Structures are given as structure tokens and as C-alpha cells.
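Shown next, in C-alpha cells, is the structure this report addresses.
In what follows, every chain begins at residue 1, and chains take the letters A, B, ... in the order their sequences are listed. Note that the structure is predicted; figures quoted are calculated from it, not measured.
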Amino acid sequence: MSQPTTTRPEPAATGGEIPPHRYTSALAEQIELRWQDWWDEHGTFETPNPSGPLGDPDAVAARGERLFVLDMFPYPSGKGLHVGHPLGYIGTDVYARFKRMTGHNVLHAMGYDAFGLPAEQFATETGQHPAVTTAQNIEKYRRQLRRLGLAHDPRRSVSTTDPQYYRWTQWIFNQIFNAWYDDEAQRARPIAELINQFESGTRVTPDGRPWADIPAAEQQAIVDGRRLAYVSDAPVNWCPGLGTVVANEEVTADGRSDRGNFPVFKRNMRQWMMRITSYADRLLDDLDVLDWTDAIKTMQRNWIGRSEGARVDFASPAGTISVFTTRPDTLFGASFMVLSPEHPLVDELATAGRGEEIAAYRAQAALKKDFERQDDTREKTGIFTGSSATNPVNGEEIPIWVADYVLMGYGTGAIMAVPCGDQRDFEFARKYDLPIPPIQRPPDRWLSEHDVSTDDSLDTSAWPVAYVGNAAYVASANDGLDLNGVDNTTDGIAMTNAWLEANGVGEATISYKLRDWLFSRQRYWGEPFPIVYDGDGQPHALPDSLLPVELPDTDSFSPRTFDPDDEFSNPESPLDRLEDWVVVELDLGDGVKTYRRDTNVMPQWAGSCWYEMRYLDPTNENCFVDPDVERYWMGPRTDVRPDHPGGVDLYVGGVEHAVLHLLYARFWHKVLFDLGHVSSKEPYARLYNQGYVMAHAYKDEREIYVEATEVDGDDAQGYTHNGEPVTAVWGKMGKSLKNAVSPDEMYAQYGADTLRLYEMATGPLDASRPWETRDVVGMYRFLQRLWRNLVDEESGECVVVDADLDDETNRLLHRTVDFVRAEMDALRFNTAIAKLIELNNAVTKLEATPRAVAEPMVKMAAPLVPHLAEELWRKLGHDETVTYLDFPVADPELLVDDMIEVPVQVNGKVRSRITIATDADAAAAEAAALADDKVIAAIDGQAPKKVIVITGKMINVVV
RNA sequence: GCCGACGUAGCCCAAUUGGCAGAGGCACGGUCUUUAGGUGGCCGCAAGUGUGGGUUCGAGUCCCACCGUCGGCACCA
């Protein structure tokens, strides 16, 4: 091999003077700003579509396989970004850039979810119109994200607040409004098909009358009752502190709003609902074909809350009372019944003289907040109605009670109480001295664990708690059903269900926790509903030609909010006040008439239910996305796996949207799929949850957070703020903990490439990690060494040589290439970075840097530090962007060495190391090991019983 | 209480998925350049797989029990 023609200059280290071409933060900034402008000018990140306005079929073919990478839609808050926000954005950017270099046509864009409460609140606080503040906030975000060097297609950046965007949000609402769920076909269909079925008689009307005999108003009511978006007068979550109603998903476990933490009250109100419950089974079943983490799937399953059981009918003086139970097999042990205080039959069941007492109980239950009633540490209360019901399996008369631990919102609002087999019923029976008949003999182990003698196994008065589980049934038989001796609940349930159905007193059924989605908000800053009401108060969807229904401009955009505890206040939508806007003259097909607009707005989640599809075709004026374009970017990849549902190839975001955005978006997508507008049945095929950036936060003695940057001290000394002692706590970086670090500080100190590299190096993308500003310098030093290996710090000239690479470095290079490819593909950027540093450190030790290692190093670094890579690629004499270069490929022959050192264990302990040929067979390896001096000494003359040879890994001698 | 994720060096993290516990970064020590300082160069560093059992020739990795941290759900019949 030839000698290098130049030698590496000594690092300039004379005091004071920093060499003019050292990679400093000032140089980094200059390079970064220059390349960001260059990329924009050259449209470097513009991604071609197969057809339509952004279509360029030739470019699509040249780029390769499609790959749609998506970040969760950011909400542009007034405070701008902190270094925790872009963790996921940098991750997707590195991945997308890597994939562009490995033969993929990558779509990566960023838009803004800008409608909603915080924008409105920020506007109110600052006295500016939300349209103004929102535009400012989006600009700020765009500027901060651009400064990071993210390779987004700028043409595809959308905002939910743009009328050209929400026109399609309204259009999709109309699709949902004009659809019904066909339970037999298990899919949504256009509402016109339902009307056709009624008209033609293929579907029987609810009361059996011919459709033509039903008055028009009733016809409309029947149809409206089937729509997937419908107006309902039902219990909703009223939040006076926010001045609006909110969805179940937006109420925390302790009965408060997730935004603002205000009390939420259950109230009957007339509101828009979305029939998401029709999709419960599909939302549940299709989780199986999604490449999501178990954590998120489990949360969605829990939220949908499907439970299989049976409906059982009990006869009572007020008629049949149906209950839902997951344990119909325990019906013989039902010794009383409990109704929710809100149950409609309670008044009728109250016997003479008990009415007043019962009314009082109901009144006090109604005063309790839901979350108080659900506090399981509270002692159960209840009251006897005086009436009894008949247990259908044994004809026994059992008392009917009312108790607030039974909720009207789940099942049927009535339960059969089986105190021997349900802890809640057990406690209730003990308190009110109700019988606890045994129907299972608990196993001996349970008896001994609960200090019950086996003689008392069927004496429930000796039991401390209810027995829940498998055990042989006793006293569980009637003329047609005999469970006695059956020892498992599965068979018991199946047998009982069959009997219930055969005797017409119940059936196997399924219950869900999921409720329909409350879709209207009494706010200003949201999408108006594309709905008007006629003189009879009937809703009509506006035709496409009248979309968008633009949000009217007004100075009085603040909603009326109330005392957060004023439960009986009433929502007042800001749009209600705009009488000129509300009243419209329209011809909807039967002449010009006066209509009133719907004055609600959609919830913040509406715009994010379909935004990924607008990225695909952002300028299309004829449809929300061209079907061909959707099929190209999101169609099912059955070539990858047969059950691939289609959707975004990689979706990265936080875990906090598990049951909000991710459930709603799946629902909308399935409706659009059913109606034939999209080819994918799921929006997000693969979901990856990035971790959070954590940071120390500090609380003073009042438990109030203080600005972390103003705190002095350390763990040993203790911490102080303005001289007052404070305590350190650990939390997610953010405004609320006052521990945010701005990316602007990092740009000034190190540059964007160093920040990108640091965020990726601190751990795997899905792990939360602490932010340590003092650690960032490590990545800065690496980039300085990389720069110095290629560039003379004094002259700024490229110093690579065209010498051959020595064998050792060449092998290291190929091992690095092999490793980095695999790690980047698996989103493990931290280990990829470690290997690049290792390679660079090895290159530093060479006399000079051969081009043969410099160029692959720059290419491998390009996804991580794109600005620096572009600059170095120029210095290496090229004039194209690094964005679409081919990522290096390892030569497999260079990945294996001829000789290899393997450890030799004796009885599992490493005693020696020997060097053998890599392709040595087991016998040769064994012979070499047994001939080794240290091994001979260790086995001390004993005959080896067994020698285990793991080729290329190790040898273990067992004596 | 139930479900999920996770415990490796002073700190952040690796370990080819059952095969030599250490790749990388920070911190730390030494040293060079410097009047000095460090966002510079070079060299060095120790000890550690949460606890207790089990399987195995061999366990950070698999199994059981427990402890701890984080997240979600919770009178859901």
C-alpha cells in the first residue's frame, strides 16, 4: 500500500487563539444557516406523488419504495419549543434521511393542530384574536423546527385552522353524518341506502308500519336516530370552569377536566355525538394487526372495556328487570338485587311508606360527584325498595335494593347480587344482614389462607371475603340445568347461557365501557359544524358547494365561563351571539327558507383525526386526498405481511394520546374506509412511543416550582433559590415545572447538529432520559474530531489523502457500516453513534485520513448531522446534496477475520484465551483448547467429561 | 387492587438475544499547550448486573417469588 502523501497537522492548541477553521459553534451556525437556505432554494426535501398536483411519476419510480414517516401533530403553544419537544422529530428525521439513502421515497412533513382551548385561552390572556396568536405561534414553531435541519417537505405543511383544511374536516363530518352502521354487514353505509331499504320494504321499520305510511317528520327522526353523527339529549360532562362540555376521554379519574383541572358534572344536555360504539369490536379486533406497543394496545383495550356475559331477566312487580352479569353461572347464589339510584323503575318498586325515604336516598346520591361514588374505600350504602324480584333459575323471591355503587352508565344499571362470589355484594350483604348462600366450595388452599376450617367450607358466615374463581358448584341445579359438580366457570357460564336462552329469560351478551363520543364544544376557536336547522329544529347537512362554513370573525371570541363549581350554569357558545351569522337564507332543494346555523364547534381532536392524509395531497381542491395518492402512500403492504392493514409506515409520538387521538383517528379512518374513500383500514400501521426528556425541577417550601436555571447547589450541598432552600424533584421537562431548556441556547452554544446528535445519543428513542446540558459537550467534541480528520483547522482545506486503506481500518470500516445500517434501521441511533465515534477515534490515530474511509464516514453521519455532512461532502469535492446518496454497504468478506480469539472456560469460569482459525471446526477448537497451558493447569490432570464448543464464541471444558 | 414498562459503573447507556460484563458519552485523575481559564490535544481510571431461589456446561439475558421506580385503569357487575 502506498504511503500517505501528507501527514495530519497537529491540532492547533496554542493558548488564546482558536484556529480560524475549527468547528466552533460560530462555524456550525454559519454552516447550518447556509445549508438550510440551500435546501429550501433547491427544493431538496420535496417529495413526489404518483399523480395529482404534486405528481411526478418518474421521480417516484427513481426514489424507490414508499415510506410514510409521521410525527404526532404538534400543538403550537405560545411559549415555543424546549429541547424535550424535538426528541421524536429528530428521531423521525434521522430515520427518514437514512431511508432516503437506502432506496425509499420518503414522505415526511409537519403541520399544526392549531384549533382548541389553549390557543383560545392564550388569545384571551393577551387580548389578541386567536387567529393572530395562532399564526404567530405557528411561525415561531416553523422557525425553530427549521433551525433543527428537519428534512420536511415544506409544501405539505398544513394547519387545521386554514379554511382550505377545515373545509375537508367539515366534509368528513358530513360523510359521517350521512352514514349509518349496518350491523349485519358490520360496516358503515351511506344513509341513502338505509332510506332505500325502508322504502323498498327490505328493512322493516321500527314499529312495522310501511315506510310510506309514516309522516315525514317521523321518517326523519327514524333516519336521524341511525346516523353515525347524531344529536342526543343525554348525560354529558359539563365543565363550568371551561364553559363547555367535554368528552369522557377528557375527564380524569378524579372527575376533573384534563385541561385546566376543573370539576366536571354529569348533566343532561342536547349535544352532538359520534357513534364510535358501533365500531367497538373492530377497534378492538384490529389492534391485533397493528404494530404498536403492548402498553398502548392494553390501554385501548381497557378503554373499550369489552366484557362478555349474559343478560338475565328478573320478574318484578314493576315488570321485567334486566341485569348484565359476567358470571351467569352464579345465578343460583343471587340472593338480592341492586338498582342504580337513577334506574327508571325505582319509583314504581318503592312500596307504600318507603317512597319518601327512597327519594331522599336518591337525592343524596344525585348530589355526589361520580368520582365520589366510585371511591372504593367508601363504605357502601343502600336502601330497600320493599319489593322483590323472582330469580329465574329457582323461583326464589329476592329483595330489590337501591345503592349508589351501581352505576346507570354501565350494563343495564341493575345487578343481581351474588354475595358469596363478589366482594362488593359480599360487603353489602354483611352490612345489611342479607343472606349469603354458598354455591361453590372454595379450594382447600383458599380456606387455609383465609383461616376457614374445611368443616366450614360451605358456611359463608365463617368466610372473611367472597370467593371468586374456579371451584365445583353446589346447590346449583333446577329441572333443566344442573351445574353441581362442574368445576370451572367457563363450562358453568356456557351451560347457564344455553339454559337462559332456551327458557327465554336471558341471553349471552356483550357489554362495553366505551361510550359514544361527545363531539360538540361551546367554544369559539374550532371548526364550525356544517349543519343548519330548519323551522322544526331538524338538522340538515350543508352541501359540499357551501363548504367551508367559515368561522365568523368577531371580537367577542371568549366563551362565557363560570364559577368552576357552579354545576347548574348553562353553556353559552360564543357563536350564539352572532345573530347575523346564525340566521341564513338558503335553498337546500325545496326553495329558499330561513335556517339557523349550529353554533357549536368541533373538539380539538377533529382536525387531527385525518391530518396525515392531507399531508399526502395538501393542495388538492377536489377531494381531501386523491384515492391513487392515498393508495400509494397508505395502501396495505400485503407484500410485507398478509394481514397488513395499511396506514402510516412509522408513527412516532408520546404515549399520552393512547385513548384520545389514537382512538378517534382510528374511528374516523374506519368510517372513511367503509364508505370507500380510503384503501387502508387503519391510519397508523406502526406506532412507536418515544420517551420523554426529563429534567430536575425545584420546589420551594410552599411546594411551588421555581425557575430551575436560578437554582444553585448540588446533591451534597443542597439547593437554594435566592438563598431560600428548595428541594429537587424529577419530572418531564416543561413549562409547568419551570425546568425547560430552550433549543436556542443549544444552537448558540453548540449548533443544531450537536443538539441533534446529543438527543439521539443519550439512549434508545423509546426511553425517557434526563437532560444534562453539561453532557452535550461530548458530542461537540466528536464533531470537532470528525471535522479535524477531514479539514485543516488553519487553512480550512480538505486534508484527506488518496492512499489505500490499511487492512485493519478497512475491516473496522466495514464492521461499522454493517452495524450502523442495522441500528439505524431499528431506530437505535445511540448505538449507531457509538460505533461512528469508535471509527472516527481510530481514524484520528492514522497518519492521515484516506478518502476511502472519509467518504463513507460522512455518508453515515449524514442522517444524524446533515449540515456538517453537506459541508464536508463539498470539501471532499462533490457538488450534490448528501440527501440522496447511497448509504454505504458492507463487504461481507471483510466482516470476518481469519483468526479469532475465543475464551476457554473450565467449568464455566474463564481460564484462558486461545487464538484459532475462524473456520476451525469443533474438533480442532477442542484440541487447541486442551493443549493450552493454562487449561491444562486448570483441569489439573482430570479427564474432561464434556467439551462444549460454540463456534466462534467460546469453548467450555467440563471436568 | 388489576394491567403494562423498567431496574447493569458516581450519571446517561452498550452487551451479536443463553456464550469473555463494557462499545460510546459525562464526571473523575494525570499530562501537553497556556500568564490564566477550558467548549483544545493525549493518556488513564475503578467498580457494578435490585434481592432470594431455580433451570443450564454456562444466566444481565430464561423460569418462580419478592423489593423498588414510572405509566395506565379502577365499586365495570
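- Counting heavy atoms from C-beta on, the side chains of A/Q300 and A/L663 come closer than 4.5 Å.
- Dashed line: the shortest gap from a side-chain N or O of A/S307 to OP1 or OP2 of B/A77 is under 4.0 Å.
- Nearer the 5' end of RNA chain B, as judged by each residue's closest nucleotide, is the contact made by A/V251, out of A/Y410 and A/V251.
- Between A/Y780 and B/U39 there is no side-chain N or O to OP1 or OP2 distance below 4.0 Å.
- In this structure, A/W771 has its ring center under 6.0 Å from that of A/Y758.
- Shown here, B/U33 forms no base pair; nothing in the strands shown gives a Watson-Crick or G-U wobble contact with both key distances under 3.5 Å.
- Results of the side chain to side chain contact (heavy atoms under 4.5 Å, CB included) test with A/V865 over A/L783, A/V94, A/I833 single out A/L783 as the only residue that passes.
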Distances under 3.5 Å between nitrogen or oxygen atoms of protein and nucleotides 3-5 of chain B:
none

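- In this structure, the CG atom of A/N689 is 12 Å from the C1' atom of B/G72, given to the nearest Å.
- Atom CZ of A/F782 is separated from atom P of B/C12 by 23 Å (rounded to the nearest Å).
- Between the CG atom of A/D422 and the P atom of B/G1 there is a distance of 18 Å, given to the nearest Å.
- Pairs engaging residues 831-843 of chain A under the salt bridge (charged side-chain N to carboxylate O under 4.0 Å, His left out) rule: A/K835-A/E838 [sequence neighbours left out].
- Checked against a 6.0 Å centroid threshold, the rings of A/F336 and A/F428 count as neighbours.
- Using a 4.0 Å heavy-atom distance criterion, A/Q784 is classed as a sugar-phosphate-only contact.
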Which atoms of nucleotides 57-60 of chain B (N or O only) lie under 3.5 Å from a protein N or O atom, and what are those distances?
| from | atom 1 | to | atom 2 | distance (Å) |
| --- | --- | --- | --- | --- |
| B/C57 | O2' | A/N956 | ND2 | 3.3 |
| B/C57 | O2 | A/N956 | ND2 | 2.2 |

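- Of the nucleotides present, none pairs with B/U49 by Watson-Crick or G-U wobble criteria with both distances under 3.5 Å.
- When rounded to the nearest whole Å, the span between CD of A/E759 and P of B/C12 equals 17 Å.
- Among the heavy atoms of the strands, none lies under 4.0 Å from A/S511.
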Go through the steps for A/R327 and A/D329 under the test salt bridge (charged side-chain N to carboxylate O under 4.0 Å, His left out), then give the verdict. CA-CA 5 Å; A/R327 293 291 303 279; A/D329 58 310; 3.1 Å; yes
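- Between A/K845 and B/C42, a side-chain N or O to OP1/OP2 separation shorter than 4.0 Å is absent.
- Taking the syn range as angles within 90° of 0, the glycosidic angle of B/U49 is outside it, so the base is anti.
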Which side-chain N or O atoms in residues 416-426 of chain A pair as donor and acceptor under 3.5 Å with protein atoms at least two apart or in another chain?
| from | atom 1 | to | atom 2 | distance (Å) |
| --- | --- | --- | --- | --- |
| A/D422 | OD1 | A/R424 | N | 2.9 |
| A/D422 | OD1 | A/R424 | NE | 3.2 |
| A/D422 | OD1 | A/D425 | N | 3.1 |
| A/D422 | OD2 | A/R424 | NH2 | 2.7 |
| A/Q423 | OE1 | A/A466 | N | 2.9 |
| A/Q423 | NE2 | A/E427 | OE2 | 3.3 |
| A/D425 | OD1 | A/Y405 | OH | 3.0 |
| A/D425 | OD2 | A/V418 | N | 3.0 |

Using residues 815-824 of chain A as the side-chain source, report each donor-acceptor pair under 3.5 Å to any protein atom, sequence neighbours left out, with the distance given to one decimal.
| from | atom 1 | to | atom 2 | distance (Å) |
| --- | --- | --- | --- | --- |
| A/T816 | OG1 | A/L812 | O | 2.7 |
| A/R821 | NH1 | A/F887 | O | 3.3 |
| A/R821 | NH1 | A/P888 | O | 2.7 |
| A/E823 | OE1 | A/R828 | NE | 3.0 |
| A/E823 | OE1 | A/T831 | OG1 | 2.5 |
| A/E823 | OE2 | A/R828 | NH2 | 3.2 |

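- B/U56 is unpaired under the criterion used here, namely a Watson-Crick or G-U wobble arrangement in which both key atom distances are under 3.5 Å.
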Any protein N or O atoms within reach of nucleotides 25-31 of chain B? Criterion: under 3.5 Å, listing atom names and distances.
| from | atom 1 | to | atom 2 | distance (Å) |
| --- | --- | --- | --- | --- |
| B/C26 | OP1 | A/R781 | NH1 | 2.5 |
| B/C26 | O2' | A/D775 | OD1 | 2.2 |

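- Residue A/N830 places none of its side-chain N or O atoms closer than 4.0 Å to OP1 or OP2 of B/C12.
- Atom NZ of A/K431 sits in a crowded spot, with more than 12 heavy atoms from other residues, nucleotides or ligands closer than 6.0 Å.
- Distances shorter than 4.0 Å separate some side-chain N or O of A/R424 from OP1 or OP2 on B/C76.
- For an aromatic pair to be called close, the ring centres must be under 6.0 Å apart, and A/Y688 with A/W292 fails this.
- Within 6.0 Å of CD in A/E656 there are more than 12 heavy atoms belonging to other residues, nucleotides or ligands.
- In terms of position along RNA chain B, the nucleotide closest to A/K953 lies nearer the 5' end than the nucleotide closest to the other residue of the pair A/T24 and A/K953.
- If you check B/A5 for Watson-Crick or wobble pairing at under 3.5 angstrom, you find it paired to B/U69.
- Within the structure, a side-chain polar atom (N or O) of A/R788 is placed less than 4.0 Å from OP1 or OP2 of B/G41.
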